[in-house]
Amino acid sequence: MCIITVLLILISLMDGRRANELRKIKCKPSVLSQADGSAYIEQGNTKCLAAVYGPRETRQKAQLIHNKANINVEISLAPFSMPQERKKRSKSDRRLLEIASAVKQTFEPIIMTNLFARSQIDIYLQILQFDGGTIQICINAATLALIDAGIPMQEYVCACSAGCHENHTLLDLNNAEEMADTPELTVALLPMSGKLTLLQMDSRLHVDKLEPVMNLAALGCKEIYQTLDETVREYVKDLFQKSSPY
Amino acid sequence: MVKNSLAFEAETFRKIQPQEYLRRFIQGNIRPDGRSLSQFRPTTVNQSCITTTNGSSMVRIGNTTVVCGIKAEVATPKFNSPLEGYLVPNIDLSPICSPKFKPGPPGELAQVLSENLNNLLKSASVLDLTSLCIKEGIAVWVLYIDLVCVNYDGNIYDASVIGMITALTNVKLPEATFEESSGLVKATEELSVTLKLQRIPYSVTVALFDGQHLLVDPTEVEESITSEQITIVFDEVGQLCSIWKVGGLPSSPEHLKQCMNIARERYKQISMIVKSSI
């Protein structure tokens, strides 16, 4: 037990972050020319690329929904992205399918699918480098890519993870912190209305600690929202200036 | 310009008659994206961009973007070559890079490209495989060269070759020794061993339009209209490593000569770009 404590303290020193500090975020919309919308996000050492195609015709008739758009999410992990060994995770890997399903269900009520009946919106996520926080970076990248594609949504969706160790709440866990058995809670929030869309935790957490950890994660989401919104506004300003004839 | 009685808007014309659209541009010695027939798109290379790999690179030729990551593992060598390690290239063309790729197992293009990259590494003897040996007959390094295309806009082969070679040049391996007593391979924490490439090949792809016009570095649209493509690979001493022209209309030896000259010139360009990216 004390080894883990020492390890965690060492890790946060190595990382250079305080307990409630987010990892450094770098994001850029519209990085791919073939996709209708795309985004690249780096949260600490985790790098993710998102591409959105749509609304377009459904590939299979069975997936056609008569009164709204079908949303399809596919996540793939590059074989060289894992820090230890090379893992060729096929796209039908259970863990990836589970995360893809979570992302799909998060966005289904947010995207105004009733505007595009009988069509399909494909969200492809490619993780190039992995250092913890898969679901959160996938959701953040998808939000930015959907905005870039011009697909109408009710709000941004921002996600963040938080954990708890020895009465210290930690924000935005990286791979080492996740592996060290700390309970990890991932939260996806609609930042303007403050509503929760996703809440996921797969470890033991004392019920008293739930509220502070959830609040910390929500604060993290709001901070991520600030960064994403700033990026989008900068990008649109830039586009506007370039497209203006003067 | 010839004016037809039915005048179309440029966009409509491009969709209905893509070949005729391209022909009109070429008559004026220019291409739809503003390049001349022998001009390459701006190429950038980023080395060592993925820290979870032993070696990596990201290459952009125009909009075509390929990320290459190399991971090293220990494996037993083949029975008939106990001193040689392996290089396993594999390219992944997934729906993220273009709407023309469907989800599922690797399609024909991805498999053909992977095989071509493999052949290039073998036939050009890019790396002396005995340098990957840890213990004869027992343990060797295997380098998995994984290429992920994130944006497909034509000329994927050139981008992949540059990506693969530059990633190989920045590979860092630990020092590995075989312990007789335990039968295990022990490796140092520090990554200090680099690879020495015997040859550095770079490729140039040219599309042939209408049987006479050579379009250097074709975009995806140009690739889909032309049916002939010639790929030529040269190495650093000006030796030819491979030529690949499959099917399409037969082309004259004149075209091949022109392509070889273009390839030689382009090699110097690529070398400079790669050198400045370190």
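Order of the sequence lines sets the chain letters (A, B, ...), proteins ahead of strands, with each chain counted from 1.
Of all non-hydrogen atoms in A/L128 and B/I50, the two that sit nearest each other are O-CG2, 3.6 Å.
Annotation for A/Q63: atom CD counts as buried by contact number, over 12 foreign heavy atoms lying within 6.0 Å. In the displayed structure, B/Q111 atom CD is contacted under 6.0 Å by more than 12 heavy atoms of other residues, nucleotides or ligands. Other residues, nucleotides and ligands contribute more than 12 heavy atoms inside 6.0 Å of the CD atom of B/Q269. More than 12 heavy atoms of other residues, nucleotides or ligands lie within 6.0 Å of CZ in B/R31, so this atom counts as buried by the packing criterion. Summarising the local packing, CZ of A/R95 is surrounded by 12 or fewer heavy atoms from other residues, nucleotides or ligands at distances under 6.0 Å. Taking a 6.0 Å sphere around NZ of B/K100, one finds it holds more than 12 heavy atoms contributed by other residues, nucleotides or ligands.
No side-chain donor-acceptor contact under 3.5 Å links A/Q34 to the backbone of B/C97. The backbone N or O of A/S81 lies less than 3.5 Å from no partner atom in the side chain of B/K71, so there is not a single donor-acceptor pair.
The shortest distance between side-chain heavy atoms of A/F80 and B/N54 does not fall below 4.5 Å. When side chains are defined from C-beta on, A/Q129 does not count as touching B/C49, because their heavy atoms never get closer than 4.5 Å. Side-chain contact between A/R59 and B/P103 is present, with at least one heavy-atom pair separated by less than 4.5 Å.
Looking at B/T65, there are no atoms closer than 4.5 Å to chain A (heavy atoms on both sides), in backbone or side chain.
Counting heavy-atom pairs closer than 4.5 Å to chain A, the top-ranked of the candidates B/V67, B/D153, B/I96 is B/I96. Comparing B/T52, B/N63, B/V150 by heavy-atom pairs within less than 4.5 Å of chain A, the highest count is held by B/T52.
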Working for side-chain contact (heavy atoms from CB on, under 4.5 Å), residues A/Q126 and B/V148: CA-CA 9 Å; A/Q126 173 83 263; B/V148 177; 3.1 Å; yes
